[in-house]
Asker: 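Just dropping this structure here.
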Amino acid sequence: MCNSLIKTRSSRTLSEYVKEKYYYCSNPACLCVFKTYECFEHFITTTIDPTITANADIQVSVPQPPTQPKRRYSMRLE
């Protein structure tokens, strides 16, 4: 109502595709409380490999930066 930031108070799953969420306004002068229903509509993209599961250990190789040879210097004090 006052265009301030809102925060989620709680949520609960009503079905596999629907969540009920309660929000409240962060403005102490307003304190508006409301609830919404969040529902899944459709996928925009899907996984490339449908056999990948959520618990699968996915290993991504991260390239290592090239190493420089260690240079050793010595100084002779006389």
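The figures that follow rest on heavy atoms only: side chains count, while hydrogens, waters and symmetry mates do not.
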Asker: Report all side-chain donor-acceptor pairs from residues 1-8 shorter than 3.5 Å, counting only partners two or more places apart or in another chain.
Answerer:
none

Asker: Apply ring-ring contact (aromatic ring centres under 6.0 Å, His included) to F34 and list each qualifying residue two or more places apart in sequence or on a separate chain.
Answerer: Y23
Asker: Which residue pairs pass the salt bridge (Lys or Arg N to Asp or Glu O under 4.0 Å) test when at least one of the two sits in residues 23-33, sequence neighbours left out?
Answerer: none
Asker: Which pairs with one or both residues in residues 20-34 pass salt bridge (Lys or Arg N to Asp or Glu O under 4.0 Å), sequence neighbours excluded?
Answerer: R12-E20, E20-K35, K21-E38
Asker: Check which hydrophobic residues are tied to V33 through side-chain heavy-atom contacts below 4.5 Å, counting indirect links as well, and list them.
Answerer: Y24
Asker: ring-ring contact (aromatic ring centres under 6.0 Å, His included) with Y37: which residues, sequence neighbours excluded?
Answerer: none
Asker: Are more than 12 heavy atoms, taken from residues, nucleotides or ligands other than Y17, located less than 6.0 Å from that residue's OH atom?
Answerer: no
